[in-house]
Amino acid sequence: MTTNSPTEDSVFSPERPSPARMYDYFLHGTDNFPVDRAAADQVIERLGSTLTRSVVWENRNFLGRVVRHLAAEHGIRQFIDVGAGLPSVDNTHQAAHGIDPEARVLYVDNDPIVASHGERLLAGSEGRARILTADLRDPDSILDSPVTRELIDLSQPVGLLFIAVFHFIRPEEDPHGLIDRFRSRLAPGSFVALSHLSTGESPEQEQRLMTETYRNSPAPMIYRTPEEIGSLFDGFELLSPGLVAPGLWRPDSGTGESTRRFLSAVGRVS
């Protein structure tokens with residue numbers, strides 16, 4: 001997900017690295033450009049391949065566990081994945097359809113290049129998974145879109161996913177207000193899942209390197225403290241185990257593994 005208007009073609013150029021396409025590269029995807037691979041390789045060079053990909057896969061596995069849990073244990077059959085990047089490699093629709101093939105998934109990203117690639121990747125979903133070009137900073141453009149209305153019934157509970165995306169929202173863009181605007185449109189019994197880069201156990205040098213690397217992308221990276229991340233869930237009822245590293249949120253077996261660079265939680269809308 002990026003934070004500029006999708007009409008700004010110069011922002012979403014194949015000549016500039018996109019966080020969404022870089023994420024695809026980290027996941028060993030193929031829908032990325034040389035400029036994305038070069039920027040991603042900078043991250044890998046600075047942090048190491050093992051750490052970089054373990055962080056990315058920890059978030060992707062958290063996403064899958066959240067979707068499966070909400071579908072299997074809470075009956076959620078529709079999901080909106082905001083700032084989703086490319087819908088490939090063990091993504092939301094695959095996790096949801098593993099529980100119920102009729103589940104509906106809307107991917108949202110404001111990079112139109114992502115959307116053009118995503119439509120091809122979703123060709124076999126028979127209309128139960130779609131992609132929308134819209135901006136996280138404008139919740140109404142997402143929730144009132146004809147694409148959303150055709151696929152998602154907002155009078156029924158929804159699983160709303162913000163995985164590794166809110167650290168691209170600057171303080172002046174009012175992250176708390178954005179969460180509130182989404183929540184006000186969701187039916188009771190909906191859930192919001194979020195993961196976010198944390199200053200808690202991220203070395204200061206690592207934070208500087210990551211911030212510098214993403215400075216030339218359309219979406220500068222913002223680290224937040226555990227307290228700031230926790231406050232994004234004010235007004236929600238957190239599911240157990242609360243605010244934890246993504247790898248520690250209901251791991252499939254054992255106690256889970258975690259790089260502890262991120263914090264994550266799932267909150268219920270009452």
Side-chain angles (χ1 to χ4, degrees), residues 1 59 62-84 91-93 95-97 99-100 102-109 128-130 132 134-169 173-196 198 224 226-246 248-250 262-270:
M1 181 267 178
N59 271 283
F62 166 69
L63 167 67
R65 293 196 306 276
V66 167
V67 171
R68 290 190 295 271
H69 176 77
L70 294 183
E73 302 299 327
H74 298 278
I76 301 298
R77 291 296 183 268
Q78 46 183 7
F79 295 88
I80 303 176
D81 189 343
V82 181
N91 217 327
T92 307
H93 68 291
H97 291 163
I99 302 297
D100 184 349
E102 298 299 316
R104 301 181 305 282
V105 175
L106 177 67
Y107 291 103
V108 181
D109 201 283
R128 290 187 292 274
R130 300 184 63 181
L132 170 68
D135 198 307
L136 166 56
R137 297 175 305 171
D138 186 0
D140 292 340
S141 74
I142 297 172
L143 300 177
D144 292 330
S145 167
V147 175
T148 305
R149 292 182 173 184
E150 289 174 10
L151 190 66
I152 305 295
D153 180 359
L154 291 176
S155 71
Q156 299 299 313
V158 173
L160 181 61
L161 311 172
F162 298 113
I163 308 303
V165 62
F166 257 86
H167 47 243
F168 295 120
I169 298 296
E173 292 169 336
D174 191 13
H176 293 87
L178 292 174
I179 291 281
D180 288 342
R181 288 171 64 189
F182 277 104
R183 180 174 55 185
S184 70
R185 300 286 304 276
L186 298 179
S190 295
F191 293 86
V192 172
L194 180 148
S195 67
H196 196 299
S198 171
R224 290 186 168 92
E227 293 76 18
E228 289 172 326
I229 298 169
S231 70
L232 294 173
F233 287 95
D234 287 349
F236 290 91
E237 174 192 352
L238 290 190
L239 296 187
S240 174
L243 185 68
V244 295
L248 302 180
W249 195 91
R250 298 177 180 263
F262 274 73
L263 288 175
S264 63
V266 180
R268 187 199 312 264
V269 177
S270 58

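Numbers here are sequence positions counted from 1. All heavy atoms count here, side chains included; hydrogens, waters and symmetry mates do not.
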Tell me if a side-chain donor or acceptor on Arg77 pairs with a main-chain N or O of Ala71 at a distance below 3.5 Å.
yes
Between Arg65 (side chain) and Pro246 (backbone), is there a donor-acceptor pair under 3.5 Å?
yes
Centroid separation Phe62 to Phe262 less than 6.0 Å
no
Does the Thr148 side chain pair with the main chain of Ile142, one donor and one acceptor, at a distance under 3.5 Å?
yes
Let's go through Leu136 and Phe166 carefully: what are the C-alpha distance in whole Å and the side-chain angles of both, what is the deciding distance for side-chain contact (heavy atoms from CB on, under 4.5 Å) to 0.1 Å, and is it a yes or a no?
CA-CA 9 Å; Leu136 166 56; Phe166 257 86; 4.1 Å; yes
Verdict with supporting geometry, Val67 and Val105, side-chain contact (heavy atoms from CB on, under 4.5 Å):
CA-CA 10 Å; Val67 171; Val105 175; over 6 Å; no
Sequence neighbours left out, what passes side-chain hydrogen bond (donor to acceptor under 3.5 Å, both in side chains) with His97? Give chain and number order.
none
Does a salt bridge link Asp144 with Arg185, judged by any charged N lying under 4.0 Å from a carboxylate O?
yes
Is the backbone of Glu73 close enough, under 3.5 Å, to the side chain of Arg68 for a donor and an acceptor to pair up by distance?
no
What's the verdict on side-chain contact (heavy atoms from CB on, under 4.5 Å) for Leu143 and Phe182, showing C-alpha distance, side-chain angles and the deciding distance?
CA-CA 8 Å; Leu143 300 177; Phe182 277 104; 4.0 Å; yes
Would a distance-only check, ignoring hydrogens and angles, find a side-chain to backbone donor-acceptor pair under 3.5 Å from Ser195 to Ala164?
yes
Restricting to side-chain hydrogen bond (donor to acceptor under 3.5 Å, both in side chains), what partner residues turn up for Asp174, sequence neighbours left out?
none
Nearest 0.5 angstrom please: Leu70 CG to Leu239 CG, how far?
7.0 Å
I'd like to know if the side chain of Asp100 and the backbone of Glu102 have a donor-acceptor N/O pair within less than 3.5 Å.
yes
Would you mind reporting whether Val158 and Gln78 have side-chain heavy atoms less than 4.5 Å apart?
yes
Within the side chain of Ser264, is there an N or O that forms a donor-acceptor pair under 3.5 Å with the backbone of Leu194?
no
Check the orientation of His69 and Trp249. Use parallel for under 30°, tilted for 30 to 60°, and perpendicular for over 60°.
perpendicular
